Amino acid sequence: MSTHLNGSYLGDFVSEESILAMQEEVTKAHELLHTKTGEGNEFLGWLTLPTDYDKDEFSRIKKAATKIQQTSDLLIVIGIGGSYLGARAAIEFVKSSNYNVLKKDTPDIYFAGNSISPTALNEIVSLCEGRDFCVNVISKSGTTTEPAIAFRVFKEMLVKKYGEEQAAQRIFVTTDKEKGTLKALSDSQGFETFIVPDDVGGRYSVLTAVGLLPIAVSGMDLDALMQGALDAQKSLMQTDVLQNDCYKYAAIRNILYRQGKTTEMMVSYEPSYAMMNEWFKQLFGESEGKDGKGIFPASAIFSTDLHSLGQYIQDGKRNLFETVVVFKKPKQEMIISFDDENTDGLNFLAGKEMSFINQKAFEGTILAHSDGGVPNIVLEVEEMTEYELGYLIYFFEKACAISGYILGVNPFNQPGVESYKKNMFALLGKAGYEEEKAQLEKRLGIKN
């Protein structure tokens, strides 16, 4: 397995016997998933995606990415939730969290339409001034408020800068294959379109066109990414909970949850993993947080956040566990130099690689947190490459599905997400929400 689970730091919380005791539940979850008889079975396209993805569309994605690279200084990716988190996480994982400011021969990539902040949108608008740009708008319906606002703004900018005909050549739409506002607009305006699959939910969609076009524009190797996911699909079929680290991870999470460990903190010692943390939080938060159940997904980047959250983790409420993703090889290395004056007292580290020091920080921290009563799951990954990322994405997606079924929820719906939207539409005066508007304004103390 490309992603290996190290359970050495679980302390007395999880034993091999307790993992084995989960075998029946794990097997049942596996069968619900692979026979497609569990709740949410209409959204299982991701399960065989590394095998069954549309090869023709995959080729078109590569061609579109090349066109964007050749004609643009930057790409604006418009989407929210699963329509942007996966792509951004992948780019930062493989390339850098500083991707846009590094020297490179690919366009800068900025993500818009994921908030309703006028400041954030104006800042990205200003970055387009005097530069050639393209837009990739990602929305199944085309009417989700946040991306719809951003798309209106950038579409107008493109038309003003290039004219209707040329603007149409710079807009790439990822949407429903047959219906919806955005699909109809694309057909009428001649925008190139890619498909948001009907059977893949947003948070599971990073390996579809939803994520692949921005990822390809960054210069990442799509073939290696999909190969990693394919190898994960093949290797994570073993139902034996002790032999399949993906299923073991799902089992351990539920064991800890039943012991009152209701918060999982995803941790890495690489800043470029920060957006993967955000992708993880949506994946597990939307999948498990329902019916009054679920592990709350939190995250941290160490050693940075040890200087802010370390105290709480060490001595705070004992309701959390950590899942630490560690990489054996850094993307780059740096050696600590020798200083004759040694004013900073660091000469004891002279000649040592920073990755070695980072490793010792990990070892010291995990021992301290384990001693403090915080169980730690360690996921060991070789390096931060496209192949390893593809494997890791599939690993988490399948672990999430198995874990959700063990928990007793539908891992593929998100009914609670609609609540804020209904209230917002009513308060904004959208047609059809008149009665709700009056009720909500009364609750808020707003006088007509």
Side-chain angles (χ1 to χ4, degrees), residues 38-43 77-85 111-122 124-125 135 137-156 173-189 195-205 210 278 281-297 404 407-448:
E39 287 189 286
N41 57 69
E42 67 271 30
F43 294 108
V77 181
I78 299 173
I80 194 167
S83 294
Y84 99 97
L85 278 172
F111 294 85
N114 48 66
S115 78
I116 317 178
S117 164
T119 302
L121 189 56
N122 271 304
I124 297 178
V125 166
V135 168
V137 57
I138 306 163
S139 176
K140 194 164 180 64
S141 67
T143 58
T144 303
T145 305
E146 295 90 340
I149 290 172
F151 184 46
R152 176 176 289 198
V153 169
F154 286 105
K155 181 161 66 72
E156 289 177 354
V173 176
T174 309
T175 190
D176 191 273
K177 64 180 177 181
E178 295 178 346
K179 60 184 184 299
T181 301
L182 199 49
K183 173 60 177 171
L185 178 66
S186 300
D187 289 344
S188 66
Q189 298 294 315
I195 295 172
V196 178
D198 290 333
D199 59 354
V200 180
R203 58 188 177 274
Y204 290 83
S205 66
V210 170
E278 298 305 307
K281 287 191 285 190
Q282 186 202 6
L283 177 65
F284 280 84
E286 280 193 353
S287 297
E288 293 188 324
K290 57 201 69 165
D291 303 335
K293 302 176 182 178
I295 298 169
F296 182 79
L407 185 63
V409 300
N410 178 350
F412 307 110
N413 68 351
Q414 55 279 341
V417 173
E418 300 304 315
S419 298
Y420 93 90
K421 293 181 182 179
K422 293 177 181 177
N423 288 347
M424 182 176 69
F425 290 154
L427 291 167
L428 287 170
K430 187 173 183 178
Y433 291 85
E434 290 79 10
E435 185 176 342
E436 292 89 340
K437 182 176 189 291
Q439 293 173 351
L440 291 171
E441 287 183 342
K442 183 177 180 180
R443 289 175 61 188
L444 291 169
I446 299 173
K447 296 180 180 180
N448 293 327

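Any value given below was found using the heavy atoms of this structure, including those in side chains, with hydrogens, waters and symmetry copies removed. None of the values given here were measured: they were computed from a predicted structure.
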Inset, instruction - Give me the one residue out of Thr181, Asp187, Leu185 that meets side-chain contact (heavy atoms from CB on, under 4.5 Å) with Lys183. - result: Asp187
Inset, instruction - Walk me through it: do Val196 and Asp176 pass the test side-chain contact (heavy atoms from CB on, under 4.5 Å)? - result: CA-CA 5 Å; Val196 178; Asp176 191 273; 5.9 Å; no
Inset, instruction - Taking all non-hydrogen atoms of both residues into account, name the closest pair between Ala426 and Leu440 and its distance. - result: CB-CD1, 3.8 Å
Inset, instruction - Starting at CG of Asp198, measure out to NZ of Lys140 and round the result to the nearest 0.5 Å. - result: 4.0 Å
Legend entry - Rounded distance (nearest 0.5 Å) linking atom CD of Gln439 with atom CG of Asn423: 10.0 Å
Legend entry - Glu435 CD: over 12 foreign heavy atoms closer than 6.0 Å: no
Inset, instruction - Without swapping roles, check the side chain of Lys290 against the backbone of Asn410 for a donor-acceptor pair under 3.5 Å. - result: yes
Legend entry - Over all atoms of both residues, closest heavy-atom pair of Gly113 and Ile80: O-CB, 3.6 Å
Legend entry - The single option from Thr145, Thr143, Thr144 passing side-chain contact (heavy atoms from CB on, under 4.5 Å) against Pro147: Thr144
Inset, instruction - Please check if the side chain of Gln282 supplies one atom and the backbone of Gly82 the other of a donor-acceptor pair under 3.5 Å. - result: yes
Inset, instruction - Spell out, as yes or no, whether a donor-acceptor pair under 3.5 Å connects the side chain of Ser205 to the backbone of Gly202. - result: yes
Legend entry - Any donor-acceptor pair under 3.5 Å from Asn41 side chain to Gly38 backbone: yes
Legend entry - Whether over 12 other heavy atoms sit under 6.0 Å from Lys293 NZ: yes
Legend entry - Residues which pass side chain to side chain contact (heavy atoms under 4.5 Å, CB included) with Ser419, listed by chain and number, not counting sequence neighbours: none
Inset, instruction - Identify the two heavy atoms, one from Phe154 and one from Ala112, that lie closest to each other, and give their separation to 0.1 Å. - result: CE1-CB, 4.0 Å
Inset, instruction - Of all the heavy-atom pairs spanning Asn114 and Gly79, show the shortest one and how long it is. - result: CB-O, 3.5 Å
Inset, instruction - Evaluate the salt bridge (charged side-chain N to carboxylate O under 4.0 Å, His left out) criterion for residues Lys281 and Glu278: first the C-alpha distance (whole Å), next the side-chain angles of each, then the deciding distance (0.1 Å), finally the verdict. - result: CA-CA 5 Å; Lys281 287 191 285 190; Glu278 298 305 307; 3.0 Å; yes
Inset, instruction - Quick one: closest heavy-atom pair of Ile138 and Val210, and the distance? - result: CD1-O, 3.3 Å
Inset, instruction - For Ile149 and Ile116, work out which heavy atoms get closest and say how close. - result: CD1-CG2, 4.3 Å
Inset, instruction - Examine distances only and state if a side-chain atom of Ser287 and a backbone atom of Pro411 form a donor-acceptor pair shorter than 3.5 Å. - result: yes
Inset, instruction - Any chance you could measure Leu85, atom CG, to Phe111, atom CZ, to the nearest 0.5 Å? - result: 9.5 Å
Legend entry - Side chain Ser117, main chain Ala120, donor-acceptor under 3.5 Å: yes
Inset, instruction - Can you establish whether the number of heavy atoms outside Lys422 located under 6.0 Å from its atom NZ is more than 12? - result: no
Inset, instruction - Nearest 0.5 Å please: distance from the NZ atom of Lys430 over to the NZ atom of Lys437. - result: 15.0 Å
Inset, instruction - For Thr175 and Ser139, indicate whether the former's side chain and the latter's backbone hold a donor-acceptor pair under 3.5 Å. - result: yes
Legend entry - Test item: Lys155 and Val135 side chains (from C-beta on) under 4.5 Å apart, heavy atoms: no
Inset, instruction - To the nearest 0.5 Å, tell me how far Glu146 CD sits from Ile78 CD1. - result: 12.5 Å
Inset, instruction - Find the distance between CD (Glu286) and OH (Tyr204) and round it off to the nearest 0.5 Å. - result: 10.0 Å
